[in-house]
Amino acid sequence: MNPLRLVRARPARAFAVTVDGRTIEALPGRTVAAALWAAGITSWRTTRNTDRPRGVFCGIGVCFDCLVTVNDRPNQRACLVPAHPGDVIRTQEGTGHED
């Protein structure tokens with residue numbers, strides 16, 4: 001059962017954000033990580049030395065595994081950054097700074 005229906009929640013309208021060139025929907029109040037998870041995207045960063053995939057680990061901003069680039073700002077913790085209409089989110093490789 002849909003949990004929103006279960007509690008009779010009526011969230012505001014979804015809006016679009018772009019992830020690596022792909023448009024997904026996000027609900028107001030959701031973090032970037034929540035929007036990515038809802039779209040089925042579970043990995044959005046690779047580690048510096050071994051290129052291993054990472055996504056949300058702790059979900060509270062402590063571990064830094066969920067780093068993404070949002071609107072050309074690298075190293076944003078996806079679990080803490082609220083999603084906004086029109087955000088451009090990019091998968092981050094390594095430090096997020098282009099060489």
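This structure is a prediction, so every number in the text was calculated from the model and none was measured.
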So do V17 and I24 actually touch side chain to side chain, heavy atoms under 4.5 Å? yes

Charged N to carboxylate O under 4.0 angstrom, R77 versus D65? no

CG-CZ distance between N75 and F64, expressed to the nearest 0.5 angstrom: 9.0 Å

Would you say the side chain of P28 lies within less than 4.5 Å of the side chain of R30, judging by non-hydrogen atoms? no

Do L27 and V70 belong together in a cluster built from hydrophobic side chains that touch within less than 4.5 Å? no

Rounding to 0.5 Å, atoms CG (L36) and SG (C79) come to a distance of 11.5 Å

Here the pair of heavy atoms bringing A33 nearest to V56 is CB-CG2, 3.6 Å

Give a yes or no answer on whether the side chain of T47 reaches the backbone of R52 with a donor-acceptor pair at less than 3.5 Å. yes

Between G61 and C58, what is the shortest heavy-atom contact and its length? N-SG, 3.6 Å

Euclidean distance, N71 CG relative to Q76 CD, rounded to 0.5 Å: 9.0 Å

Between R90 and D72, is a side chain to side chain contact (heavy atoms under 4.5 Å, CB included) present by the stated rule, with each step listed? CA-CA 8 Å; R90 286 183 304 158; D72 293 324; 3.7 Å; yes

Atom pair OG1/CZ of T69 and R45 - distance to nearest 0.5 Å: 11.0 Å

Could you tell me if the side chain of I41 sits less than 4.5 Å from the side chain of R22, heavy atoms only? yes

From R54 CZ over to T42 OG1, what is the distance, rounded to the nearest 0.5 angstrom? 12.5 Å

Test item: W44 side-chain N/O and V68 main-chain N/O as donor-acceptor pair under 3.5 Å: no

Would you find a donor on one side and an acceptor on the other, under 3.5 Å apart, between the side chain of T31 and the backbone of A34? yes

